[in-house]
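The block underneath contains the structure these notes are about, expressed in structure tokens.
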Amino acid sequence: MTEQPLLSVRTLKKHYPIRQGILSRQVGAAKAVDGISFDIYRGETVGLVGESGCGKSTAATSIVRLEDPTDGEVVFNGGGREDKERNSDGTHPNDVTKFDKQELKAFRRDVQMVFQDPSSSFDPRMSVGSSVAEMLLVHGMTDKHRRRAIVEDLLERVGLSAEDYDRYPHEFSGGQKQRIALARALVLNPELLVADEPVSALDVSVQAEILSLISDLQAEFGLSLLLISHDMSVIRKVCDRVAVMYLGEIVEIGDTEAVFTNPQHPYTEALLSSIPTPDPRTRAEGIELTGTVPDPVNPPSGCRFHTRCHRVVQPEGLDVEQSVWRGLIDLRYRVKGGQIDVETLRENALAAESGDGDGVSDEAVTAEIRTEFDLPDRLSDPEADRALSEALDKLVDGDIEDAAELLDSTFSTPCEETTPDYTDHGDGHQSACIRHSDEIASAELAADDD
Amino acid sequence: MATQRPDRFDQVDWDEVTESSGFSLTVNAKGLLATTIPLVGLAVYDWQVLDKRTPTFDALGWDFDVPGLDYLFAFTILLFVFYVALPLYQNPRMTRYYWKEFKRNRPAVVSLGWIAFVFVVGLIGPLFVAAPEQSVLHSYQPPMYLSVDTANAGTCLGETANGRCFGTWQYPLGTTRAGKGVFAGIVHGMTISMKIGFIATFIAVLFGTTFGTVSAYAGGWVDEILMRYVDIQASFPTLVFYLLIIYTFGGGLWLLILLLGIFSWEGMARYVRSKALSVTEEEYIKAVKVSGASSFRVVRRHMVPNTASSIITDTTLLIPGFLLAEAQLSFLGLGDPTVASWGQLIAAGRDALAFAPWIVLAPGLMLFLTILAFNFVGDALLDALNPEAAAEAER
Ligand code: SF4
């Protein structure tokens with residue numbers, strides 16, 4: 001393995017403009033991928049993992065230039081382009097995003113892609129053989145018999161037979177189609193394969209077969225692989241290194257073993273806790289990820305994960321239980337978003353009190369809110385409790401803005417103020433969480449000591 | 001040989017291959033070109049060299065003139081042969097699959113037989129059956145085995161008994177008032193129906209697919225303009241326009257076909273566009289793009305074939321519409337009186353319905369059966385040409 005990575009992605013961004021009105025003025029952008037960087041070395045498998053909507057598929061299509069990235073560079077050092085130096089103006093001669101037509105066409109041979117949905121990844125009106133052979137034709141192989149020979153040979157290598165050449169996609173099962181999709185991706189003899197959720201549409205038993213086929217092919221032909229998946233167990237099976245993506249950013253990256261046994265970012269912990277592991281020592285404590293991925297048009301400030309993070313840091317001077325703190329932040333965002341309907345709560349409280357006629361007291365409603373957000377009747381920190389009570393009273397009075405303001409000023413977290421930098425945990429294992437930055441880490445330690 | 005040109009994907013020398021890349025035509029395109037060029041040549045020769053009255057094949061001593069419309073007709077048939085019939089032969093596996101699906105619908109199979117019959121007879125029938133000719137003496141001859149009051153018939157050609165005139169083999173289906181044979185009229189009417197069907201459909205498909213695929217592929221303001229134009233045309237009062245044109249230029253078959261074709265593709269354009277839009281989202285389009293294929297290739301090889309099912313099924317609805325429109329206009333006396341279409345025949349018989357109903361009934365039945373047949377076939381094609389729907393049902 002040379003020191004030079006086959007592919008290095010640097011601060012890659014893909015923003016989708018949001019346009020409105022007749023003149024299509026751009027009013028914002030969905031930041032699907034917002035500055036990700038990682039390397040893939042020869043023969044290596046790198047996983048890109050995250051929930052749906054975190055931008056991992058967009059990252060893939062931007063890397064292979066199915067879509068033009070907004071910013072950043074993708075340096076591809078394969079295809080006989082090794083050992084190039086940077087140009088004097090700082091650009092890289094191997095930057096895929098700047099390739100001209102001819103370079104791009106050559107690049108298309110060196111990097112291929114496997115897609116998620118086997119049912120739509122083949123033209124239903126073409127025999128699968130011709131679909132695979134079309135790749136050869138596109139790159140100028142006009143000899144029909146040679147195309148056929150190559151494809152037949154390849155079909156056999158992926159576990160099908162040469163006779164399958166003339167069959168149509170509807171005649172195959174999902175797993176078989178995914179084998180053919182692999183054949184199609186391999187037929188141009190690429191150096192890098194980008195597989196976007198290659199097994200997520202398949203049955204679990206078939207998944208294992210396809211994954212082992214991928215590993216075999218990879219070993220035999222020295223492929224590098226970028227595997228995109230939402231499934232941590234798939235990643236663990238095949239990947240050498242893994243990058244965890246959240247809302248367009250990589251929050252943790254490192255060797256698969258290191259990331260799985262010693263996750264540093266709370267998001268990774270949460271993802272890991274969702275997979276069943278046979279090893280009791282590594283079992284995480286069932287962290288539940290609440291809510292959905294926030295809108296990439298307006299990502300949360302600071303650490304983008306702070307709206308859902310179970311370890312979200314408490315501000316200096318505040319000391320409540322972590323689950324309570326999480327509840328407070330949730331409450332704060334719900335109030336801010338105007339998502340708390342006092343009237344409904346009042347009715348619920350009324351029903352609970354089995355209605356003695358003329359309405360319920362405001363106390364009953366605030367109690368209802370506290371239960372909903374898992375907050376105790378009285379916070380352990382008296383100052384915080386005073387602020388909370390006041391805010392809840394205002395909320396019940398219908399003074400939502402004031403309530404939100406008060407909550408905002410009292411229960412703000414350092415996580416929303418500082419954008420975390422990457423912290424190195426050794427061996428290229430990095431994560432982006434402010435808990436690892438020095439002051440916070442020591443403060444937490446101090447808090448734990450009590 | 002084996003070492004020189006290894007047939008394994010990982011041993012291809014791509015530098016060598018890409019250099020040798022050349023331009024190649026498919027068999028279909030070659031066939032179409034090879035047959036169209038002489039056709040165009042003949043048309044140009046007919047138009048430029050020969051004067052109006054000389055028959056096209058005069059030089060060969062053959063007294064056969066090709067009317068202008070027939071060149072277009074011939075071209076559409078060639079298109080049909082090379083891009084509908086030949087591909088079916090080239091992809092036997094797919095054809096068998098379609099046929100298997102299509103066969104499930106019995107009435108559609110019978111209907112297809114009927115359409116094929118009309119097609120063949122329409123194509124070669126006129127070579128054997130002379131065009132119906134006016135002959136005043138032979139007016140209102142009854143069909144074979146039927147009789148008519150001698151008072152109504154002209155000179156009775158068959159036997160007369162009890163004051164009734166019986167039919168003869170000379171006019172198996174009787175004659176009209178002008179003494180034109182109904183049988184000959186029906187055979188030649190098939191040809192006319194075919195011309196209407198093929199040419200008007202060709203025009204409609206040409207516009208419909210172009211507008212539809214370009215709209216879908218280009219998107220943005222191109223899409224906006226094209227589709228707004230389609231909206232405008234869809235709300236255009238075609239009949240009024242047609243009447244206007246007839247009063248200005250006279251109602252030739254040419255004009256009728258042209259108008260039918262030009263003012264009927266709005267639905268197809270919308271249909272093709274929506275289908276093409278859904279096709280662009282498919283992963284196989286992405287896969288082809290990742291391989292570096294050109295936009296033209298993507299549209300030509302993947303988008304058009306995959307919208308073809310919409311085009312074909314829509315066509316089977318358009319054709320009966322055309323045939324019916326021609327019949328209606330003819331019935332109203334707005335058709336081309338010089339052509340022997342079914343509509344003209346029906347129009348010719350409308351006054352004599354009381355005593356000579358065959359003049360209306362025979363072509364009317366033909367029209368009815370043909371339209372019904374297209375509807376049945378369209379239905380079955382819709383099911384058969386949609387492997388995605390079938391695949392979904394399997395899941
Ligand atoms: S920075 Fe804060 S919110 Fe973000 S992951 Fe770390 S603890 Fe959670």
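The basis for the numbers below is simple: all heavy atoms, side chains too, and nothing from hydrogens, waters or symmetry mates. Lettering follows sequence order; numbering is per chain, from 1. Computed from a predicted model, the values in this text were never measured in an experiment.
Heavy-atom distances place the backbone of A:Val111, and not its side chain, under 4.5 Å from chain B. At a 4.5 Å heavy-atom cutoff, the contact between A:Leu188 and chain B is made by backbone and side-chain atoms alike. Looking at B:Arg93, both its backbone and its side chain come within 4.5 Å of chain A, counting heavy atoms on both sides. Using a 4.5 Å cut-off between heavy atoms, A:Gln116 contacts chain B through both its backbone and its side chain. Of the two parts of A:Phe115, the backbone and the side chain both hold a non-hydrogen atom closer than 4.5 Å to a non-hydrogen atom of chain B. With a threshold of 4.5 angstrom between heavy atoms, B:Val288 approaches chain A through its backbone and through its side chain. Neither the backbone nor the side chain of A:Leu104 comes within contact range of chain B, judged by heavy atoms closer than 4.5 Å. Neither the backbone nor the side chain of A:Arg65 comes within less than 4.5 Å of any heavy atom of chain B. Both the backbone and the side chain of A:Arg167 come within contact range of chain B, each with at least one heavy atom under 4.5 Å from a heavy atom of that chain.
Among all heavy-atom pairs drawn from B:Tyr284 and A:Phe122, the shortest one is CD2-O, 3.2 Å. In terms of heavy atoms, A:Arg108 sits closest to B:Val290 at CD-O, 2.7 Å.
Here A:Asp123 is the residue among A:Asp153, A:Val138, A:Asn189, A:Asp123 with the most heavy-atom pairs under 4.5 Å with chain B. Most heavy-atom pairs under 4.5 Å with chain B: of the set A:Arg184, A:Arg157, A:Gln112, this distinction falls to A:Arg157. When the candidates A:Ala149, A:Ala183, A:Ser121, A:Ser127 are compared by the number of heavy-atom contacts under 4.5 Å with chain B, A:Ser121 comes out ahead. Residue with the most contacts toward chain A among B:Glu283, B:Arg297, B:His302: B:Glu283 (heavy-atom pairs, distance under 4.5 Å). Interface summary for chain A: among B:Gly292, B:Ser294, B:Ala287, B:Ser291, the most heavy-atom pairs under 4.5 angstrom belong to B:Ser291.
A salt bridge between A:Glu134 and B:Arg301 is absent, with no side-chain N of the basic residue lying under 4.0 Å from a carboxylate O of the acidic one.
Within 6.0 Å of the NZ atom in A:Lys144, the count of heavy atoms belonging to other residues, nucleotides or ligands does not exceed 12. The number of heavy-atom neighbours closer than 6.0 Å to CZ of B:Arg106, taken from other residues, nucleotides and ligands shown, is 12 or below.
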After noting the C-alpha distance and the side-chain angles of A:His170 and B:Tyr97, does the key distance pass the side-chain contact (heavy atoms from CB on, under 4.5 Å) rule?
CA-CA 10 Å; A:His170 64 85; B:Tyr97 172 74; 3.3 Å; yes

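Residues from residues 56-64 of chain A that place a non-hydrogen atom less than 4.5 Å from a non-hydrogen atom of chain B comprise A:Val64, given in numerical order.
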